[in-house]
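By convention here, the first residue in the shown sequence is residue 1. All values below were derived from every heavy atom in this structure, side-chain atoms included, with hydrogens, water molecules and symmetry-related copies excluded. Ligands are counted one by one from 1 in listed order, and the atoms in each one are counted from 1 as well. Since the model is a prediction, treat every value here as computed from it, not as a measurement.
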Amino acid sequence: MNSINDNLIKVHNLIKDAVKAANRNESDVNLLCVSKTKPKEMVIEAYNQGERHFGESYAVEASEKIEQLKEQGYKDIVWHFIGPIQKNKTKLIATHFDIVESVDRDIVAKRLNEQRPNDLPPLQVLIQVNISDEGQKSGCEIKDIDALIACINECPKLKLRGFMGIGKDTPNRDEINSEFAQLKGLFDKYKTKLKDFDILSLGMTHDLDLAILNGSCEVRIGTAIFGAREYKNKIMNDVKVTFIGGGNMATCIFESMIKDFDAKNITVSGPHLEKLQKFNDKGASITTNNIDAIKDAQVVFLGVKPQILTSVLEEIKSSGVDVSNKLFVSMAAGFKLSSISGLLNTHKIVRIMPNTPAKLGLGVIAVVYDTDVNDAQKELSKKMLCHMGTCIEGDEQALNVIGAVCGCGPAFVYRFMEALVSEAVRHGVNEADARKMVEQTVFGSASMVIENQDSSIASLREAVTSKGGTTFAGLTKMTEGNFEQMMQNVIQASLDRTYEFEKMF
Ligand SMILES: *Cc1c(COP(=O)(O)O)cnc(C)c1O
């Protein structure tokens, strides 16, 4: 593996070549080292090579890194925030960064202005302009630039310095080139009108030459300096999750999550702190205040009983907390998406229904998404649940069926097992052996089904049933007892009860 040292030399050489090809001066192009997801030791290595500009995209992770580096004496680093800005992160960003390159809407500008500490110089900002028509949602639309500039100019603690753009992620370099040229044109136009408007931030590892050709004065380079990023875990580490309710299922989900997520970003809220201590022991914050708990959360698990959920949702609604960017995950049976969205006024809701074997990672989890849950949030949901078992996505009707078959299913299987155990005992086997026999039989049968995906379950049954034999005799009694009809009644009864619940909430 190349050292950061070698990488920096290579990157500076690439910049030199590009500058020469563009007939520009090397001093006109600043290198921003993008250290997001990378440990502070790597920042120090680049610092020791003379680099002073570093870029970060995840507010929580970055703020910690910046604090620690300041404490260690690295005080002259210029920190650039370059990632998408969530409203609830503006305070962290305003406090820790020198330049924010990804300002893309009024509310973000206003909040950064309000939250910039008075003892710090004005926050330098760039407007991130959306230059690729599709594929990329972040950035201010060109038609909205004037309004955003007007807004920023009203903010005494912000100083507008230029534009930032991200080229489309495509192998088609002509396309990137024309996007860059377009932003350069806009930049030049505004430069004549605005004072100290002098930074055009364009270019990353794969397109820095095109960016420099198109007048970029700052290239943002991550991969070529620090190597590929380990994305998944780091994104997870930045996600703030809150559980309202710390009962059985919440515990199960929590245990599953902390295999990938940092428990320190998880908060659990419930009426009795002492019952939440087990979460605190594993690194989570605990509180009795639901509203405090959800303020900063991106994901809120609604883990209270259906009978209590309405009052919790009303509490959230009347608190005035902005829920528009939060993902709500409800595990309340019988509580429809429409009932939740009706109370919360959002459609970023996921309903899940895990069954109890999820505690062993062997569960089935039914998952239903409301209309505004985006792809990233779907991925995130699955990632949070993946250690509990198999997720099956569907609509609410499917969720009800999964609830009846898989949610109630374990009890039906236990009942069947109990009956087999008592028959073994009735015929003289001791209780302990009977249990062993039955659990291994059910486990073994399920494993046979799992291992033989190409065979139908019926064919597995037929394979162990010779006509006129002992199994055949037993199965005949199941038929005579109307076993299939009984199971039909069983599932129907569970479903009917679900529908009754749905009417209640
Ligand atoms: C991550 C990131 C970069 C760095 O990308 P590399 O391809 O690793 O050089 C540059 N700009 C922005 C906005 C980024 O988020």
Kindly write out the residues that satisfy ring pair (Phe, Tyr, Trp, His ring centres under 6.0 Å) with Tyr369, not counting sequence neighbours, or none if the list is empty. none

Testing the 3.5 Å rule here: is there a donor-acceptor pair between the side chains of Glu141 and Asn130? yes

Between Gln298 and Lys326, do the side chains contain a donor N or O and an acceptor N or O under 3.5 Å apart? no

Sequence neighbours left out, what passes salt bridge (charged side-chain N to carboxylate O under 4.0 Å, His left out) with Lys336? Give chain and number order. none

Close approach of Gln128 to ligand 1, heavy atoms, under 4.0 angstrom: no

Mark up the atoms of ligand 1 that fall under 4.0 Å of a heavy atom belonging to Gly222, in ascending order. 4 (C), 6 (P), 8 (O), 9 (O)

Using a strict 4.0 Å cut-off to heavy atoms of Arg220, name the atoms of ligand 1 that fall inside it. 4 (C), 9 (O), 10 (C), 11 (N), 12 (C), 13 (C)

Looking at Ser57, which atoms of ligand 1 are within less than 4.0 Å of one of its heavy atoms? 15 (O)

Does the cation-pi check pass for Arg52 over Tyr47, that is, NZ or CZ under 6.0 Å from the six-membered ring centre and within 45° of its axis? yes

Can you tell me which portion of Glu101 lies within the under-4.0 Å heavy-atom range of ligand 1? Options are side chain, backbone, both, or neither. neither

Just which atoms of ligand 1 are under 4.0 Å from any heavy atom in Thr223? 6 (P), 7 (O), 8 (O), 9 (O)

Just heavy atoms, cut-off under 4.0 Å: does His206 contact ligand 1 by side chain, backbone, both, or neither? neither

Out of all atoms in ligand 1, which are within 4.0 Å of some heavy atom of Ile221? Include the element for each. 9 (O)

Carboxylate-amine/guanidinium proximity below 4.0 Å for Lys382 and Glu393: yes

